[in-house]
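See below for the structure under consideration.
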Protein chains: 4
Amino acid sequence: MHRKGANGNKSRQRLLDAAAEEFALYGFYQTKISSIVARAGMTQPAFYLHFESKDAIFAELVDVFQSQLSELVENSRIKPGKAVHEVKSEVQAALVSWFRFLSGNPALTKVGFFHSRESVHFKARLADMLKEKMALERAAGYLRTDADLGFAAEALIGIIERLTLTRLLPGRDDPVHLAEQTRLLLFDGLLANDG
Amino acid sequence: MHRKGANGNKSRQRLLDAAAEEFALYGFYQTKISSIVARAGMTQPAFYLHFESKDAIFAELVDVFQSQLSELVENSRIKPGKAVHEVKSEVQAALVSWFRFLSGNPALTKVGFFHSRESVHFKARLADMLKEKMALERAAGYLRTDADLGFAAEALIGIIERLTLTRLLPGRDDPVHLAEQTRLLLFDGLLANDG
Amino acid sequence: MHRKGANGNKSRQRLLDAAAEEFALYGFYQTKISSIVARAGMTQPAFYLHFESKDAIFAELVDVFQSQLSELVENSRIKPGKAVHEVKSEVQAALVSWFRFLSGNPALTKVGFFHSRESVHFKARLADMLKEKMALERAAGYLRTDADLGFAAEALIGIIERLTLTRLLPGRDDPVHLAEQTRLLLFDGLLANDG
Amino acid sequence: MHRKGANGNKSRQRLLDAAAEEFALYGFYQTKISSIVARAGMTQPAFYLHFESKDAIFAELVDVFQSQLSELVENSRIKPGKAVHEVKSEVQAALVSWFRFLSGNPALTKVGFFHSRESVHFKARLADMLKEKMALERAAGYLRTDADLGFAAEALIGIIERLTLTRLLPGRDDPVHLAEQTRLLLFDGLLANDG
DNA sequence: CATGAATGAGCCTTCATTCAT
DNA sequence: GATGAATGAAGGCTCATTCAT
């Protein structure tokens with residue numbers, strides 16, 4: 001008994017994985033279809049059995065990354081009516097989950113977060129989502145009123161993307177440490193308490 | 001060996017400017033020599049009179065950007081023995097000067113800060129420089145001791161690059177506002193004082 | 001060696017029909033096996049169960065067309081010892097039957113008469129057959145002696161192919177009208193009687 | 001002194017000639033850019049220096065053919081107020097000039113008259129032009145009133161294209177003979193005068 | 001008898017770079 | 001110092017055809 005398309009779907013997934021690795025390493029323009037299929041152990045026409053074009057498979061990888069991360073961020077809800085230290089730990093938990101996702105999918109992250117043309121728009125959407133969460137927290141009195149939340153949201157994105165690239169993906173720091181430091185900086189700043 | 005006359009240098013500069021615009025708009029791989037010379041009003045062989053290759057002119061642009069910004073950052077010294085609010089304003093002044101440089105050279109910034117492959121290493125060097133400055137400030141007692149300064153320096157780079165891309169270069173925010181908000185976040189964090 | 005059952009022959013015919021339509025619409029080179037089998041509601045390997053190759057099925061279609069039309073033309077005999085008006089009506093009857101065949105098999109006609117490489121040779125053979133008929137008619141005194149019958153036969157082929165393409169297949173004229181006009185031109189010419 | 005583009009235009013013309021030969025021999029789909037440039041003694045990229053694509057050079061050849069032949073046909077005016085035998089000789093002169101053009105440009109003729117997709121539309125336009133000429137001649141009383149001039153014009157096109165292919169281009173008949181026979185058939189038909 | 005999947009071979013096109021004038 | 005013209009090298013994509021089940 002032969003499940004319809006079982007082999008085909010396996011090949012398709014092999015191609016996706018191989019493409020993620022290649023794109024992550026070399027970027028879109030320097031990645032050749034021939035390298036992707038070589039890594040996947042297939043021939044070039046097989047590629048076009050599963051994907052329309054080089055652009056198409058890249059777009060699919062980007063899409064997978066973006067939808068998964070979007071969902072993760074969207075679901076990171078801060079419940080209302082908590083004490084400050086609870087808010088902090090909830091935010092940190094969210095950050096941990098995000099960093100975990102990013103470090104758990106390194107190739108996909110490189111593609112969707114750094115090599116993609118539309119990563120710009122995607123990060124802008126993420127920033128909007130974060131800004132709204134911050135607005136709620138400020139309305140609840142947790143956050144200072146003289147901060148530009150649009151700026152803060154973008155800054156948080158900037159912190160996440162930079163640290164992901166330089167510390168998380170190379171394995172120099174773990175998600176928990178990064179989340180702690182991010183939360184510390186974001187909430188408390190660097191100034192000594194008695195400064 | 002041939003001397004380049006005044007005319008030659010003007011051509012060379014026209015090519016550099018044109019290349020900066022094209023690379024800024026389309027990135028390295030999607031920029032064609034033919035587009036650069038077209039924008040500069042010249043012919044293709046003329047290009048090779050002034051530059052070795054596409055890589056070479058790109059590298060030169062990157063180099064110009066990096067050395068100018070490096071110098072700017074390097075020269076942003078915090079004098080010792082100041083009050084906290086003086087430190088804050090000195091830091092802010094430094095940030096203003098950096099953002100001013102970036103917004104004053106938009107094409108070069110896009111090339112050297114975002115499109116360049118080695119922007120990664122460059123930002124790492126910047127981060128190191130910032131980290132050392134922070135170490136001095138912490139040694140002087142201004143900064144809290146439980147913060148990972150390596151992290152903080154990278155975070156600052158991340159904030160600067162992200163806000164440059166989304167707010168500064170599109171003209172949505174000016175250098176002063178960005179410097180203020182950056183300093184606020186970096187030093188004080190977002191938490192309400194009575195939080 | 002394997003026997004083809006009833007089902008196999010039905011598939012074979014479906015493929016032939018589908019191929020005729022596709023070849024008629026797009027010509028040999030722009031017709032893909034995948035389109036043929038798609039139109040026939042089958043898969044690609046099924047195609048090769050019934051035909052050796054793309055060339056083979058095309059050749060078979062051409063062959064069907066050519067043998068049917070050849071036979072029709074061959075059987076259009078002019079009986080000897082008739083009056084001129086009878087000859088005219090016999091010739092017209094033959095022309096009607098040919099145009100009827102062509103309009104009754106539009107896809108096959110397009111393939112075998114217009115898209116086929118060897119339609120050239122086929123038409124040459126047709127022209128030879130017509131020339132011989134004309135020679136008989138001339139010998140019987142019906143036709144003028146200063147006409148190049150080889151030319152006339154080719155001209156008749158040219159008239160038939162052109163009018164088939166532009167008037168018959170698009171449905172703009174019916175076989176009877178075309179036969180009448182063909183006969184009129186061929187026998188009498190366009191000149192006014194009092195010219 | 002170096003005339004601008006002299007060499008380039010020579011190359012361009014070499015490519016056009018080579019392409020005409022190849023297309024004439026093998027048709028559009030079986031002609032490879034590599035064969036064209038090989039025949040022209042050049043390399044593949046040189047082709048794209050002068051033409052946008054394979055389609056473009058083919059279209060240009062077709063265009064050259066069509067505009068030249070169109071002009072020739074358009075300029076073949078029948079002057080009014082002549083005797084019948086003068087009309088005949090004028091028509092024959094026109095036919096001779098057309099056949100001469102076709103036999104003088106065999107490769108171009110094959111491309112523009114037989115291999116081109118839009119030869120269909122082109123011939124339709126030619127037929128329209130011929131029909132109008134015939135209408136004038138009929139109005140002047142030269143042609144019989146019971147003939148379908150649309151049919152006659154198409155038939156003339158059919159005769160010309162067929163005889164061009166089978167007699168003129170292979171060198172089996174010369175333009176004058178073909179013109180005579182065409183005129184004879186068209187005006188007088190095949191019937192013996194005493195029939 | 002039929003199918004999902006795979007492939008060998010080939011062609012068009014692009015672009016950085018160089019040559020001859 | 002400048003130009004029109006040319007090219008080497010390579011990459012994406014297509015399609016007739018076949019295998020393994």
Side-chain angles (χ1 to χ4, degrees), chain A residues 1-12 29-37 41-56, chain B residues 2-8 10-12 29-37 42-57, chain C residues 2-5 7-8 11 29-37 42-57, chain D residues 1-12 29-37 41-55:
Chain A
M1 187 140 17
H2 173 73
R3 278 229 322 288
K4 187 169 175 173
N7 226 336
N9 281 334
K10 227 185 281 175
S11 293
R12 193 185 146 86
Y29 294 105
Q30 280 199 303
T31 292
K32 296 171 285 182
I33 299 287
S34 60
S35 313
I36 295 175
V37 297
M42 309 171 66
T43 60
Q44 293 223 28
F47 176 90
Y48 293 93
L49 216 56
H50 300 289
F51 300 96
E52 281 263 309
S53 63
K54 184 180 169 182
D55 289 76
Chain B
H2 58 265
R3 292 217 324 273
K4 307 266 175 50
N7 217 331
K10 228 188 281 175
S11 295
R12 197 183 139 83
Y29 294 105
Q30 280 197 302
T31 292
K32 297 179 287 184
I33 299 288
S34 60
S35 310
I36 294 175
V37 298
M42 305 171 63
T43 62
Q44 300 213 27
F47 177 90
Y48 290 92
L49 239 42
H50 299 290
F51 300 96
E52 277 269 308
S53 64
K54 183 182 175 182
D55 290 79
I57 194 174
Chain C
H2 58 265
R3 289 220 324 274
K4 308 264 174 49
N7 217 330
S11 296
Y29 293 105
Q30 279 197 304
T31 292
K32 297 180 287 183
I33 298 289
S34 60
S35 311
I36 294 174
V37 298
M42 307 171 63
T43 62
Q44 301 213 26
F47 175 91
Y48 290 91
L49 240 42
H50 299 289
F51 300 96
E52 277 271 306
S53 64
K54 184 183 174 182
D55 290 78
I57 193 174
Chain D
M1 188 139 16
H2 175 71
R3 280 229 322 285
K4 188 167 174 176
N7 228 334
N9 281 333
K10 227 184 282 175
S11 293
R12 192 185 146 85
Y29 294 105
Q30 278 199 303
T31 292
K32 297 172 283 183
I33 299 288
S34 62
S35 313
I36 294 175
V37 296
M42 308 171 64
T43 60
Q44 293 224 30
F47 177 90
Y48 292 93
L49 216 56
H50 300 289
F51 301 97
E52 281 263 310
S53 63
K54 185 180 169 182
D55 290 76

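Residue numbering restarts at 1 for every chain, and letters A, B, ... go by the order of the sequence lines. Just so you know, these numbers use all the heavy atoms, side chains as well, and skip hydrogens, waters and symmetry mates. Here the structure is a predicted model, which means the values were calculated and not measured.
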Take the protein atom [atom1] of [X] and the nucleotide atom [atom2] of [N], then report the distance between them rounded to whole Å.
X       : N      : atom1 : atom2 : value
C:Ile33 : E:dG8  : CD1   : P     : 20 Å
B:Met42 : F:dT3  : CE    : P     : 7 Å
B:Gln44 : E:dT17 : CD    : C1'   : 8 Å
D:Tyr29 : E:dC12 : OH    : P     : 12 Å
D:Lys54 : E:dT13 : NZ    : C1'   : 13 Å
B:Tyr48 : F:dG4  : OH    : P     : 16 Å
D:Phe47 : F:dG8  : CZ    : P     : 18 Å
C:Ile36 : F:dC15 : CD1   : P     : 13 Å

Would you write the dot-bracket representation of DNA chain E, where each base gets (, ), [, ], | or . depending on whether it forms a Watson-Crick or G-U pair under 3.5 Å and with which partner?
.||||||||||||||||||||
Determine: side-chain N/O of [X] to OP1/OP2 of [N], distance under 4.0 Å, yes or no.
X       : N      : result
D:Ser11 : F:dA6  : yes
D:Ser53 : E:dC12 : no
B:His50 : F:dG1  : no

Name the nucleic acid region contacted by D:Thr31, choosing base, sugar-phosphate or nothing; use a 4.0 angstrom heavy-atom cut-off, strictly under.
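Since only primed, P, OP1 and OP2 atoms lie under 4.0 Å of D:Thr31, the category is sugar-phosphate.
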Output the single nucleotide from F:dG12, F:dA16, E:dG4 whose closest atom is nearest the side chain of C:Lys32.
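Nearest to the side chain of C:Lys32 among the choices is F:dA16.
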B:Leu49 has a side chain; which of F:dT17, F:dA2, E:dC15 sits nearest to it?
F:dA2
Do any side-chain atoms of residues 49-56 of chain A form donor-acceptor pairs under 3.5 angstrom with protein atoms, and if so which ones, sequence neighbours left out?
from	atom 1	to	atom 2	distance (Å)
A:Ser53	OG	A:Asp55	N	3.4
A:Ser53	OG	A:Ala56	N	3.1
A:Lys54	NZ	A:Phe28	O	3.0
A:Lys54	NZ	A:Thr31	O	2.8

Toward the 5' end of DNA chain F, which comes first, A:Glu52 or C:Glu52, by nearest nucleotide?
A:Glu52
Drop me the distance from B:Arg12's CZ to B:Met42's CE, to the nearest 0.5 angstrom.
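The distance works out to 11.0 Å.
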C:Pro45 or D:Pro45: which one's nearest nucleotide on DNA chain E is closer to the 5' end?
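Its nucleotide being nearer the 5' end, the pick is C:Pro45.
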Please identify each residue that fulfils side chain to side chain contact (heavy atoms under 4.5 Å, CB included) with B:Tyr29, with sequence neighbours left out.
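Here the qualifying residues are A:Tyr29, A:Gln30.
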